[in-house]
> 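Following this message is one structure expressed as structure tokens.
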Amino acid sequence: MASRYWVVSLPVQQNSSTTSLWSRLQESISRHSFDTPLYRFNIPNLRVGTLDSLLALSDDLVKSNSFIEGVCSKTRRQIEELERVSGVLSSSLTVDGVPVDSYLTRFAWDEAKYPTMSPLKEIVDGIHSQVAKIEDDLKVRVSEYNNVRSQLNAINRKQTGSLAVRDLSNLVKPADVVTSEHLTTLLAVVSKYSQKDWLSSYETLTTYVVPRSSKMLYEDNEYALYTVTLFNRDAENFKIKARERGFQIRDFEHNPETQESRKQELEKLMQDQETFRSSLLQWCYTSYGEVFSSWMHFCAVRIFAESILRYGLPPSFLSVVLAPSIKSEKKVRSILESLCDNSNSNFWKADDEGGMAGFGGDTEAHPYVSFTINLV
């Protein structure tokens with residue numbers, strides 16, 4: 001599928017018709033740029049309104065297009081991220097089961113959703129409101145999902161971080177700890193480069209340390225975890241002396257109930273994360289289709305309004321969709337220009353050639369209406 005399309009409208013000259021112009025365009029493309037896909041972009045007869053209303057709408061169309069395209073891209077990126085994290089194979093994005101590129105190239109106006117007798121501004125405002133609501137919903141849903149992820153990441157950091165910060169409950173067994181009326185066991189986090197210093201000094205840091213009671217339980221890339229047993233009454237003093245020597249004493253209480261509670265919390269968060277991720281992904285698939293459909297209807301309104309402003313009344317133009325390759329762009333532009341009234345061609349040159357830009361602000365400057373749709 002192509003990732004970049006042009007939506008173009010060409011003026012129908014006097015003594016001609018859209019059917020005749022379509023045939024000429026097909027013939028020129030097939031003869032000079034046969035590898036360029038070409039499709040009709042069928043726009044119904046929309047309600048024109050006044051010239052002033054069209055001019056006012058034209059300014060809004062540019063801003064709204066950027067907004068709608070941005071929400072479309074944001075939703076697509078969220079889908080890509082969720083698929084990557086989930087290990088799900090990327091699936092083709094669709095609108096009501098139809099691939100997005102096919103939806104564009106076979107576009108059909110949804111009269112039930114957007115009545116053609118409604119004023120153009122009413123249609124545009126309705127599309128903008130609908131997309132804005134989807135964007136708000138996306139923000140809320142992503143925030144909920146990220147909140148669960150943050151909680152889970154915080155627990156995982158405690159489980160897998162360095163000994164200075166990680167949870168010690170899965171490293172310390174009940175047999176490693178002495179707890180009695182008179183004795184207690186402390187846990188010391190010692191830098192890997194200070195282990196000799198620890199082993200040679202811990203017995204003399206304070207008076208009431210049990211000789212040869214220190215045992216290494218675990219070692220990571222930075223630290224080693226040691227036990228030391230001493231009299232209860234000496235514990236606080238030992239902590240102070242140990243810190244003065246650069247040894248960190250970790251607070252720890254072996255509690256099976258607490259460990260089980262943490263395990264259950266972790267399992268629940270993992271389930272919640274999977275539930276939120278799956279729900280968000282399905283919602284994004286559906287919402288992307290809704291936003292893309294809204295965007296294509298918006299583009300139809302946009303090309304209709306720009307064509308009226310460019311070519312005048314009554315509406316008489318041919319709207320098409322093309323997907324030229326980069327190497328074919330210049331040739332296709334030349335073909336499109338040749339099918340316009342050549343007397344005005346020099347007036348519609350690019351800005352850097354000293355000409356005039358399109359009515360639509362970001363509408364590309366040519367003697368016909370043209371703008372680009374990027375699907376990726």
Side-chain angles (χ1 to χ4, degrees), residues 1-9 22 25-26 29-30 33-44 64-114 116 123 126-128 130-135 137-138 141-142 277-304 318-329 332 370-376:
M1 120 180 160
S3 61
R4 194 170 55 92
Y5 292 84
W6 292 351
V7 182
V8 170
S9 83
W22 171 242
L25 177 59
Q26 284 182 305
I29 292 292
S30 62
S33 185
F34 64 89
D35 62 340
T36 298
L38 172 66
Y39 313 90
R40 287 288 292 267
F41 190 65
N42 295 308
I43 302 175
S64 291
N65 184 73
S66 297
F67 169 70
I68 297 169
E69 184 177 9
V71 175
C72 205
S73 299
K74 192 185 300 182
T75 309
R76 186 189 68 248
R77 288 195 300 271
Q78 188 64 56
I79 289 172
E80 291 170 351
E81 180 189 339
L82 290 169
E83 287 179 336
R84 178 181 56 78
V85 172
S86 305
V88 176
L89 290 175
S90 296
S91 55
S92 298
L93 297 175
T94 62
V95 180
D96 295 330
V98 179
V100 291
D101 57 325
S102 297
Y103 185 86
L104 166 59
T105 56
R106 302 172 193 168
F107 175 74
W109 184 271
D110 188 342
E111 173 68 23
K113 199 170 184 179
Y114 307 105
T116 52
I123 295 175
I127 290 173
H128 193 285
Q130 180 191 6
V131 174
K133 183 180 184 305
I134 290 175
E135 185 192 35
D137 287 349
L138 176 63
R141 290 170 181 269
V142 170
R277 181 190 297 155
S278 176
S279 173
L280 178 58
L281 184 56
Q282 291 305 316
W283 182 88
C284 283
Y285 283 142
T286 302
S287 296
Y288 181 84
E290 292 178 11
V291 174
F292 190 84
S293 172
S294 298
W295 188 22
M296 292 306 99
H297 283 80
F298 177 88
C299 287
V301 173
R302 182 183 179 191
I303 203 159
F304 179 83
L318 170 71
S319 52
V320 299
V321 172
L322 308 97
S325 62
I326 293 176
K327 66 178 182 180
S328 301
E329 284 187 7
V332 173
S370 172
F371 54 84
T372 301
I373 292 178
N374 294 301
L375 298 189
V376 177

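For clarity, every value in this text was computed on a predicted model and none was experimentally measured. For reference, positions follow the sequence shown, starting with 1.
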> Would you mind reporting whether Trp295 and Asn65 have side-chain heavy atoms less than 4.5 Å apart?
yes
> Between Ala300 and Ile43, what is the shortest heavy-atom contact and its length?
O-CD1, 3.7 Å
> Less than 4.5 Å apart, any side-chain heavy atom of Pro44 and any of Glu111?
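They are not in contact (no side-chain heavy atoms under 4.5 Å apart), so the answer is no.
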> Taking salt bridge (Lys or Arg N to Asp or Glu O under 4.0 Å) as the cut-off, I'd like each qualifying pair that reaches into residues 80-99, sequence neighbours left out, listed once.
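Checked against salt bridge (Lys or Arg N to Asp or Glu O under 4.0 Å) - neighbours excluded - the pairs reaching residues 80-99 are Arg76-Glu80, Glu81-Arg149.
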> Restricting to side chain to side chain donor-acceptor pair (under 3.5 Å), what partner residues turn up for Asp137, sequence neighbours left out?
Lys133
> Would you give the length of the straight line joining atom CD1 of Ile127 to atom CD1 of Ile68, rounded to the nearest 0.5 angstrom?
6.0 Å
> Listed by chain and number, what are the side chain to side chain donor-acceptor pair (under 3.5 Å) partners of Glu69, not counting sequence neighbours?
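Residues passing side chain to side chain donor-acceptor pair (under 3.5 Å) with Glu69: none at all.
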> Does any part of the side chain of Pro37, heavy atoms only, come nearer than 4.5 Å to the side chain of Tyr5, both counted from C-beta?
no
> Looking at CG of Leu38 and CG of Leu25, how far apart are the two atoms once the value is rounded to the nearest 0.5 Å?
5.0 Å
> What are the two closest heavy atoms between Phe41 and Val321, and how far apart are they?
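That closest heavy-atom pairing would be CD1-CG2, 3.5 Å.
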> With sequence neighbours left out, which residue pairs that include part of residues 73-104 fulfil the ring pair (Phe, Tyr, Trp, His ring centres under 6.0 Å) condition?
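Every pair satisfying ring pair (Phe, Tyr, Trp, His ring centres under 6.0 Å) with a residue in residues 73-104: there are none.
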> What's the spacing between Ser294 OG and Ile123 CD1 if we round to 0.5 Å?
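Going from OG on Ser294 over to CD1 on Ile123, the span is 12.0 Å.
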> Are Thr94 and Val100 close enough that some pair of their side-chain heavy atoms sits under 4.5 Å apart?
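No. Closest side-chain heavy atoms not under 4.5 Å.
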> Donor-acceptor pair, distance only, cut-off 3.5 Å: does the side chain of Ser33 make one with the backbone of Ile29?
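No: the side chain of Ser33 does not pair with the backbone of Ile29.
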> Is the shortest heavy-atom distance from the side chain of Asp35 to the side chain of Ser328 under 4.5 Å?
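In contact.
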> Does any non-hydrogen side-chain atom of Tyr288 lie less than 4.5 Å from one of Leu138?
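A side-chain contact under 4.5 Å is absent here.
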> Would you sort out whether Phe304 and Ser319 count as a side-chain contact (heavy atoms from CB on, under 4.5 Å), showing the intermediate values?
CA-CA 9 Å; Phe304 179 83; Ser319 52; over 6 Å; no
> Identify, with sequence neighbours excluded, every residue that meets side-chain contact (heavy atoms from CB on, under 4.5 Å) alongside Ser64.
Val124, His128, Phe298
> Ring pair (Phe, Tyr, Trp, His ring centres under 6.0 Å) with Tyr39: which residues, sequence neighbours excluded?
none
> Excluding sequence neighbours, so at least two apart, what forms side chain to side chain donor-acceptor pair (under 3.5 Å) with Ser278?
none
> Among residues at least two apart in sequence or on other chains, which ones pass ring pair (Phe, Tyr, Trp, His ring centres under 6.0 Å) with His297?
Phe107, Trp109, Tyr114
> Which heavy-atom pair separates Pro324 from Val332 by the least distance, and what is that distance?
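Looking at all heavy atoms of both residues, the closest pair is CB-CG2, 3.9 Å.
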> Applying side chain to side chain donor-acceptor pair (under 3.5 Å), name anything that partners Thr105, two or more places apart in sequence or on another chain.
none
> Under the rule for salt bridge (charged side-chain N to carboxylate O under 4.0 Å, His left out), what residues qualify as partners of Arg4, not counting sequence neighbours?
Glu329
> Below 4.5 Å, heavy atoms only, C-beta onward: do Met296 and Ile373 meet side chain to side chain?
yes
> Residues two or more places apart in sequence or in another chain: which of them pass salt bridge (charged side-chain N to carboxylate O under 4.0 Å, His left out) with Arg141?
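Scan of Arg141 (salt bridge (charged side-chain N to carboxylate O under 4.0 Å, His left out), adjacent residues dropped) gives none.
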> First locate atom NZ of Lys74, then atom CD of Glu135, and finally report the distance between them rounded to the nearest 0.5 Å.
4.0 Å
> Specify the closest pair of heavy atoms between Ile303 and Val8, including all atoms of both residues, with the distance to one decimal.
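So the two residues come closest at CD1-C, 3.5 Å.
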> Considering all heavy atoms of both residues, which atom of Thr75 and which atom of Cys284 are nearest to each other, and what is their separation?
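So the two residues come closest at CG2-O, 3.7 Å.
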> For Val95 and Phe292, which heavy atoms make the closest approach, and how far apart are they?
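Smallest interatomic distance, heavy atoms only, reads CG2-CD2, 3.7 Å.
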> I'd like to check the side-chain contact (heavy atoms from CB on, under 4.5 Å) partners of Asn42; sequence neighbours left out, ordered by chain and number.
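Testing Asn42 for side-chain contact (heavy atoms from CB on, under 4.5 Å), a comparison that skips the adjacent residues, returns Arg40.
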